[in-house]
Amino acid sequence: MPNRRVVIGGAAASIATIALAAPHVHARTPPRVVVVGGGFAGASCARALRLIDRDLAVTLIEQNTNYIACPFSNAVLAGLRNIEAQSFGYGGFDGIEIVQGRVAAVDAEQHRVLLDDGSTIDYARLVLAPGIDPRFDALPGYDATAAEIMPHAWKAGPQTLLLRDQLRAMEDGGVVVISAPANPFRCPPGPYERASLIAHYLKTNKPRSKLIILDAKDGFSKQRLFEAAWRELYPGLIEWVPLSSGGRVTEVDPATRTLVTEFDSYRADVANVIPPQHAGRIAKSAGVADQTGWCPVDPVTFESRLRPGIHVIGDAAIGGAMPKSAFSANAQAKACAAALAALLREREPTPPKLINTCYSLVAPGYGISIAGVYQPRDGLLAEIEGAGGTSPLDAAAEVRELEAAYAEDWFRTITSEAFG
Amino acid sequence: MRLRNGHGWASMPVLLGVLVVGAPAWADAPPGAAACTGCHGSAASGSAIPSLEGHAAADIVAQMRAFRGGQRTATVMDRIASGFSEEETRAIAEWLAQPEAVRHAEP
């Protein structure tokens, strides 16, 4: 009989004592939660489950040996940071079974996942956190091969280094073109932080160069803050072409690094195509993605609206008003873990309140942020009015420096929460 | 590991069911509390963002009220504090004021 420590409270103590003394108590089979995807959402969820309820068995399935984080990867592109600072392993996951492998299929009826190597893992509840995958069928000319010439670098790792090295190899006076997609996509301010930091690199090293953003949208996150900073720090370097001015890229030609829009054609020396995207691969085959390619979920439990017993968190989920960000992924992961612990004990989950804060670095020492507080309303996560918002437009330099410092602190804290 | 069935605790034998008494503290974390630690980490991290460890609940409530009302200068906390009522803030503060070991499940 395993020596089991229990949380003793009040009258239940005597019952527990009897149970401990009973000779027939057989080995328990704790309910198992299987988490697929070891990024910000999945890793945070696995760890949160163990913090909330030690009586749950938790398995985390991840195909890579390391996770390369996207937040701050734009600083790697600009030569301001090493990619090693973005890499996180799975050595600090005590009490969690880590399975390195790729999920081939989910059998929702049998409550079982099937891995590529033929092994299976049964679950009481399944959490899918597969992040995003680029859609290689959405932009004519842009497929997996094209991505090796015109990187998206929207999943950090080799793509980040590829784009960085292309920028380093570009001659002074060259043209960098970033193609930004329509909503929804991972990290709404991301393309504009990228433009900012590449501009910083160009201004410092290749000052005759230009950067053009071709946008499928007429507005973007923290726009007024970015544009004010660009006027101040990188005058004449960045041109933003919105949708209504013909900014939407309709096809690309990787052989010539040409991006074609409705009105024009741009030949780039370095082309960063951030393509339309959708929930990571396993979402569709597990049946949790809808026709938009993203996963509708209950805003309290994150249980899939399409497949009972399967929960989806992070970028893959339709988060309502919550943006697709690492902060959101971590917040949703913790809320989902609390809900799972309640559900597995047949208790009513408490409706959560969630927070997101996205920091963007416009230049070293110049940070801006957007925040939001969210709660379930009418079946989705809705923003709480009167809360949230962006950094002030007219803030002093000290405030920008503080926000840049807080951004670094946030990264250290959130990666500790997720990866230990 | 194979389960006999796909369900949680409810289908376990009743005798085993009573081994688990009371809910671990963090399962009852008030709404919003878990999200705070996304930025506010442990005291040991040496971060510019202050840790929330070791503060009395009344202190946290007072700071959040000051952020909400603009009496304390903020970069982002005014925007976040506005998303929580006084009552919600008090519940979060009382939970955060407990030592970390109490907030998390027993090993």
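Throughout, protein chains are lettered first and strands after them, A, B, ... in sequence-line order, and every chain is numbered starting at 1.
Most heavy-atom pairs under 4.5 Å with chain A: of the set B/G41, B/A35, B/S42, this distinction falls to B/A35. Counting heavy-atom pairs closer than 4.5 Å to chain B, the top-ranked of the candidates A/A339, A/A371, A/A405, A/G388 is A/G388. No other option in A/A331, A/S369, A/G367 has as many heavy-atom pairs under 4.5 Å with chain B as A/S369. The candidate with the highest count of non-hydrogen atom pairs below 4.5 Å against chain B, out of A/I370, A/N356, A/T390, is A/T390. Ranked by heavy-atom pairs under 4.5 Å with chain A, the first of B/A48, B/G38, B/C36 is B/G38.
At least one side-chain heavy atom of A/L340 sits less than 4.5 Å from a side-chain heavy atom of A/L49.
When each of A/I313, A/I310, A/V58 is paired with A/V127, the side-chain contact (heavy atoms from CB on, under 4.5 Å) condition holds for A/I313 and for no other.
Within residues 70-83 of chain B, the residues having any heavy atom less than 4.5 Å from a heavy atom of chain A are, in residue-number order, B/T75, B/V76, B/R79, B/I80, B/S82, B/G83.
A donor-acceptor pair under 3.5 Å is absent between the side-chain atoms of A/K334 and the main chain of B/T37, judged by distance alone. Counting only distance, with no hydrogens or angles, the side chain of A/S119 and the backbone of A/L115 share no donor-acceptor pair below 3.5 Å. Judged by distance alone, with hydrogens and angles left aside, the side-chain atoms of B/H55 form no donor-acceptor pair with the main-chain N or O of B/A97 at under 3.5 Å.
In terms of heavy atoms, A/T350 sits closest to B/P31 at CG2-CG, 4.0 Å. Here the closest non-hydrogen pair linking B/I92 and B/G32 is CD1-C, 4.0 Å. A pairwise comparison of heavy atoms in A/P323 and A/S328 identifies O-OG, 2.9 Å as the closest pair.
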Legend entry - side chain to side chain donor-acceptor pair (under 3.5 Å) assessment of B/T89 paired with B/R65: CA-CA 9 Å; B/T89 305; B/R65 193 183 294 131; over 6 Å; no
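Contact of A/L343 with chain B is not made at all, since no heavy-atom distance falls under 4.5 Å. For chain B, the nearby parts of A/I414 are the backbone and the side chain; heavy atoms of each come within less than 4.5 Å. Proximity to chain B (any heavy atom under 4.5 Å) is restricted, for A/Y359, to the side chain, taken from C-beta onward. Residue A/S416 does not touch chain B at all, counting heavy-atom pairs closer than 4.5 Å. Only the side chain of A/F327 comes within less than 4.5 Å of a heavy atom of chain B; its backbone N, CA, C and O stay farther away. Using a 4.5 Å cut-off between heavy atoms, A/P351 contacts chain B through its backbone alone, with no side-chain atom that close.
Between A/L60 atom CG and A/I98 atom CD1 the span is 4.5 Å, to the nearest 0.5 Å.
Salt bridge present: B/E86 and B/R90 bring a charged side-chain N and a carboxylate O closer than 4.0 Å.
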